[in-house]
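The structure appears right after this line, and notes come after that.
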Amino acid sequence: MEKEAIDLAKKLVELDLLRDELWESLAAIAGDKAHELLRVVQNS
């Protein structure tokens with residue numbers, strides 16, 4: 001169980017880093033509308 005927990009924790013860290021990269025890309029493309037666009041997509 002400990003190895004599984006460590007593996008999951010590593011995956012979460014990787015996803016968090018990917019999320020940051022994706023957010024930077026979205027912000028570069030959508031500019032000031034990035035937050036609004038993300039909310040619209042989340043709620044659809």
Pair up each side-chain donor or acceptor in residues 24-44 with any protein partner under 3.5 Å, not counting sequence neighbours, and list the distances.
residue, atom, partner, partner atom, Å
Ser25, OG, Glu21, O, 3.3
Asn43, ND2, Arg39, O, 3.1
Ser44, OG, Val41, O, 2.9

Tell me every residue that passes side-chain contact (heavy atoms from CB on, under 4.5 Å) with Ile6, counting only those two or more places apart in sequence or in another chain.
Glu2, Lys10

Check which hydrophobic residues are tied to Leu18 through side-chain heavy-atom contacts below 4.5 Å, counting indirect links as well, and list them.
Leu22

Of all residues at least two apart in sequence or in a different chain, which pass the side chain to side chain donor-acceptor pair (under 3.5 Å) check with Asp7?
Lys3

